[in-house]
Amino acid sequence: MDKEIVLHAHRVPRASVPSDREDQARWLFDEFARIDAWIDARNAAWDIAHPEE
């Protein structure tokens with residue numbers, strides 16, 4: 001492979017997940033936004049470090 005793949009995982013305690021269905025949906029979208037921000041930050045760092053690629 002000629003690409004580096006970086007993974008990040010975290011555990012969410014069940015008690016941190018809302019029990020109400022609508023609150024769960026909001027919580028999940030907040031989690032997605034956090035993941036997207038992590039990906040964007042990693043991509044920006046890569047672009048700075050490897051401008052020719």
Take His10 and Val12 through the test side-chain contact (heavy atoms from CB on, under 4.5 Å) and record every step on the way to the result.
CA-CA 7 Å; His10 69 277; Val12 177; 3.6 Å; yes

Side-chain donor-acceptor pairs under 3.5 Å in residues 36-44, sequence neighbours left out?
none

Only pairs under 3.5 Å count here: list side-chain donor-acceptor contacts from residues 19-27, not counting sequence neighbours, and write none if there are none.
| from | atom 1 | to | atom 2 | distance (Å) |
| --- | --- | --- | --- | --- |
| Asp20 | OD2 | Glu22 | N | 3.2 |
| Asp20 | OD2 | Asp23 | N | 3.1 |
| Asp23 | OD1 | Arg26 | NH2 | 2.5 |
| Gln24 | NE2 | Pro18 | O | 2.9 |

